[in-house]
K.L.:
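Questions regarding the structure given below will be posed in turn.
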Amino acid sequence: MPAGREKTRSVLQWLNRVQSFLYCNENGFWGTFLESQRTCVCHTGATLCQRPIPCVIGGNNSCAMCSLANISQCGSCNKGYKLYRGRCEPQNVDSERSEQFISFETDLDFQDLELKYLLQKMDSRLHIHTTFISNEVRLETFFDPRWRKRMSLTLKSNKNRMDYLHMIVGLSMKICQMRNSSVDPMFFVYVNPFSGSHSEGWSMPFGEHGYPRWEKVRLQNSQCFNWTLLLGNRWKTFFETVHIYLRSRAKVPTVLRNDTGQGPVDLSDPNKRQIYIKISDIQVFGYSLRFNADLLRSAVQQVNQSYTQGTQFYSSSSIMLLLLDIRERINRLAPPVAPGKPQLDLFSCMLKHRLKLNNSEMIRVNHALDMYNTEILKQSDHLTTKLC
């Protein structure tokens, strides 16, 4: 027995040494891995030695698979649990009923690995047809990018595709520059989740709070580049219109420093040629969710009417639970925010632009849901920031 215990102890010690080598060996610093806390104790006293530690794979709320994009987060979940920002959480019992109103689960709702592969291959199954609108840029035409240019890709769902909501999982652009170009394009993207004015959109926080950045790849034997933004499952979100602003940094020749850039493109002028660019293609990647606006509007109106009449609106508990589930699932697809700040309220934007509720109706519905959540379910409210 003593020998057996010694052997077991030796195996655990070797396992700890291997884990320490794998996870606590970064930036030239070393540390010791603590299995119970799943963290490293660095010999320097700081956390500089710690590498990303793989997620926990197991049953219940453990991961079914780690994400290949970030090994410390979940890539998929076990049955009865749903993936949310890299972790698995219990799926609401009313989620299946919610599918009658909005088909959150679709055939194109791929796992992380498959979705990343399809986006890299620009698979046509993820193409969403949008309308390109710009008074300042024409596709396949060279232009001077030194002053701000605005482009929009829109769906016009309220007119053309009223039975769908749309999800964006990626964006790509093909940009061509002249040889020896001095231009460094910079793109800023604003998203309107369910239509509305520009002020009812949000700005993509590239590189912040874990949000991805543009990836730029030069095409072989070409002066063209593919600019790709891969949101994937973690940062996918609703969209109706995508506004793209182009601002460019350029080393401008002395003879052009007083040039307004508003004149016609002159490709014969060698000084101007080096600052011209053209956008050959812009493509939104994503998929559409079936949306039963009439059915959802009926449920919302029941809550609204009961609240207005001052009756016991808690009596329709199944509807309250249903709308709470839909509100939660929509708002969880909001963009990232700084730590400590509330998420954007996408649910109210959907009520306003897709169900055509006015401000008073939106306030009453949300207040009724908040009261039911706190007084009946005894759950704390998740604060949100008004967007629409």
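Sequence positions, counted from 1, serve as the residue numbers for this chain.
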K.L.:
Is a donor on one side and an acceptor on the other found under 3.5 Å between the side chain of E328 and the backbone of D325?
P.N.:
no
K.L.:
State which residues pass salt bridge (Lys or Arg N to Asp or Glu O under 4.0 Å) with E26; sequence neighbours excluded, sorted by chain then number.
P.N.:
R51
K.L.:
Between Y164 and F291 (judged by ring centroids, cut-off 6.0 Å), do the two rings come close enough to count as a pair?
P.N.:
no
K.L.:
State, to 0.1 Å, how close P342 and T385 come at their nearest heavy-atom pair, and which atoms those are.
P.N.:
CG-OG1, 3.2 Å
K.L.:
Can you pull out every salt bridge (charged side-chain N to carboxylate O under 4.0 Å, His left out) where at least one residue sits in residues 216-227? Sequence neighbours excluded, please.
P.N.:
none
K.L.:
Check G31 against S20 and note the closest heavy-atom contact, atom names and distance.
P.N.:
O-CB, 3.6 Å
K.L.:
First locate atom SG of C388, then atom CG of L346, and finally report the distance between them rounded to the nearest 0.5 Å.
P.N.:
8.0 Å
K.L.:
Can you tell me if the gamma sulfurs of C24 and C49 sit closer than 2.5 Å?
P.N.:
no
K.L.:
Could you pull out the closest heavy-atom pair between I326 and S98, with the gap in Å?
P.N.:
CG1-OG, 3.8 Å
K.L.:
Is there a side-chain contact (heavy atoms from CB on, under 4.5 Å) between L323 and L296? Walk through the geometry before answering.
P.N.:
CA-CA 9 Å; L323 291 180; L296 184 56; 3.7 Å; yes
K.L.:
Does F143 have its ring centroid less than 6.0 Å away from the ring centroid of Y276?
P.N.:
no
K.L.:
Answer yes if the ring centres of F29 and H43 are under 6.0 angstrom apart, and no otherwise.
P.N.:
no
K.L.:
Give the minimum heavy-atom separation between N292 and Q100, together with the two atoms involved.
P.N.:
CB-O, 3.7 Å
K.L.:
Could you label the plane-to-plane angle of the W214 and W227 rings as parallel, tilted or perpendicular, counting under 30° as parallel and over 60° as perpendicular?
P.N.:
perpendicular
K.L.:
Roughly how far, to the nearest 0.5 Å, is OG1 of T141 from CD1 of I279?
P.N.:
10.5 Å
K.L.:
Excluding sequence neighbours, so at least two apart, what forms salt bridge (Lys or Arg N to Asp or Glu O under 4.0 Å) with E200?
P.N.:
K352
K.L.:
Where do L369 and M320 land on the side-chain contact (heavy atoms from CB on, under 4.5 Å) test, with the steps shown first?
P.N.:
CA-CA 7 Å; L369 293 175; M320 302 300 288; 3.9 Å; yes
K.L.:
Going by heavy atoms in the side chains, are F239 and L153 under 4.5 Å from each other?
P.N.:
no
K.L.:
Hey, is the main chain of M122 close enough, under 3.5 Å, to the side chain of H127 for a donor-acceptor pair?
P.N.:
yes
K.L.:
With sequence neighbours left out, write down each residue that passes side chain to side chain donor-acceptor pair (under 3.5 Å) with K174, or none if nothing qualifies.
P.N.:
none
K.L.:
Just by modelled atom types, is the F33 backbone N or O under 3.5 Å from a matching donor or acceptor in the Q50 side chain?
P.N.:
no
K.L.:
Can you see which heavy atom on N78 is nearest to which on A64, and at what distance?
P.N.:
OD1-CB, 3.8 Å
K.L.:
Could you grab the distance from atom CD of E215 to atom CG of N226, nearest 0.5 Å is fine?
P.N.:
11.0 Å
K.L.:
So how far is it from E375 CD to D370 CG, rounded to the nearest 0.5 Å?
P.N.:
10.5 Å
K.L.:
Does atom CG of N358 have more than 12 heavy-atom neighbours, drawn from other residues, nucleotides or ligands, at distances under 6.0 Å?
P.N.:
yes
K.L.:
Take atom CZ in R38; do more than 12 heavy atoms of anything else shown fall under 6.0 Å from it?
P.N.:
yes
K.L.:
Dump the intermediate steps for side-chain contact (heavy atoms from CB on, under 4.5 Å) on Q177 and F225, then the final yes or no.
P.N.:
CA-CA 8 Å; Q177 301 174 226; F225 298 82; 3.9 Å; yes
K.L.:
Centroid separation under 6.0 Å, is that true for the rings of H353 and F347?
P.N.:
no
K.L.:
Would you name the heavy atoms of H209 and P336 that are closest together and state the gap between them?
P.N.:
CB-CB, 4.0 Å
K.L.:
Salt bridge (Lys or Arg N to Asp or Glu O under 4.0 Å), that's the test. Do K121 and D123 meet it? Break it down for me.
P.N.:
CA-CA 5 Å; K121 296 295 183 182; D123 194 285; over 6 Å; no
K.L.:
In Å and rounded to the nearest 0.5 Å, what is the NE2 to OG1 distance from H166 to T241?
P.N.:
10.0 Å
K.L.:
Going by the angle between their ring planes, with limits at 30° and 60°, are W30 and F21 parallel, tilted or perpendicular?
P.N.:
tilted
K.L.:
Not counting sequence neighbours, list each pair that qualifies as a salt bridge (charged side-chain N to carboxylate O under 4.0 Å, His left out) and has a residue in residues 278-296.
P.N.:
E140-K278, D294-R297
K.L.:
Under a 3.5 Å distance rule, please check whether N192 uses its side chain to pair with a backbone N or O of V242 as donor and acceptor.
P.N.:
no
K.L.:
Does E208 come within less than 4.0 Å of R213, counting only side-chain N to carboxylate O?
P.N.:
no
K.L.:
Could you tell me whether the SG atom of C74 lies less than 2.5 angstrom from the SG atom of C66?
P.N.:
no
K.L.:
Please check this pair: side chain of R354 against backbone of M162, looking for a donor-acceptor N/O pair closer than 3.5 Å.
P.N.:
yes
K.L.:
Is there a chain of hydrophobic side chains (I, L, V, M, F, W, Y, each step under 4.5 Å between heavy atoms) that links L231 to F206?
P.N.:
yes
K.L.:
Quick check: are there more than 12 heavy atoms from other residues, nucleotides or ligands sitting under 6.0 Å from OH of Y117?
P.N.:
no
K.L.:
Between the main-chain N or O of L344 and the side-chain N or O of T384, is there a donor-acceptor pair closer than 3.5 Å?
P.N.:
no
K.L.:
Please determine, by modelled atom types, if T154 and S152 share a side-chain donor-acceptor pair under 3.5 angstrom.
P.N.:
no
K.L.:
Less than 2.5 angstrom apart at the SG atoms, yes or no, for C77 and C88?
P.N.:
yes
K.L.:
Check whether any side-chain heavy atom of H243 sits under 4.5 Å from a side-chain heavy atom of M151, and report yes or no.
P.N.:
no
K.L.:
Do F194 and I363 belong together in a cluster built from hydrophobic side chains that touch within less than 4.5 Å?
P.N.:
no
K.L.:
Should I71 and I53 be regarded as members of a common hydrophobic cluster, given that ILVMFWY residues are connected when their side-chain heavy atoms come within less than 4.5 Å of each other, either directly or indirectly?
P.N.:
no
K.L.:
Keeping S103 on the side-chain end and E99 on the backbone end, is there a donor-acceptor pair under 3.5 Å?
P.N.:
no
K.L.:
Can you list everything that forms a side-chain contact (heavy atoms from CB on, under 4.5 Å) with Q37? Sequence neighbours excluded, please.
P.N.:
L34, T39
K.L.:
Classify the ring geometry between F238 and F104 as parallel (under 30°), tilted (30 to 60°) or perpendicular (over 60°).
P.N.:
perpendicular
K.L.:
So M65 and S76, side-chain contact (heavy atoms from CB on, under 4.5 Å) or not? Walk me through it.
P.N.:
CA-CA 5 Å; M65 183 180 73; S76 62; 3.4 Å; yes
K.L.:
Please determine whether side chain to side chain donor-acceptor pair (under 3.5 Å) holds for the pair D345 and S348, giving the CA-CA distance in whole Å, both sets of side-chain angles, and the decisive distance to 0.1 Å.
P.N.:
CA-CA 6 Å; D345 182 8; S348 293; 2.5 Å; yes
K.L.:
Tell me whether E136 contacts the main-chain N or O of R150 through its side chain, where contact means a donor paired with an acceptor under 3.5 Å.
P.N.:
yes
K.L.:
With ring pair (Phe, Tyr, Trp, His ring centres under 6.0 Å) as the test, would you mind laying out the steps for H129 and F285 before giving the verdict?
P.N.:
CA-CA 9 Å; H129 177 72; F285 297 98; over 10 Å; no
K.L.:
Quick check: is L324 connected to L295 through a chain of hydrophobic side chains (ILVMFWY, heavy atoms under 4.5 Å apart)?
P.N.:
yes
K.L.:
According to a 4.5 Å side-chain heavy-atom criterion applied to Ile, Leu, Val, Met, Phe, Trp and Tyr, with indirect links allowed, do L171 and L219 form part of one hydrophobic cluster?
P.N.:
no
K.L.:
So that I know where these two stand, are W202 and Y190 an aromatic pair - ring centroids less than 6.0 Å apart?
P.N.:
no
K.L.:
In Å, rounded to the nearest 0.5 Å, how long is the span from OG1 of T130 to CD of E240?
P.N.:
10.5 Å
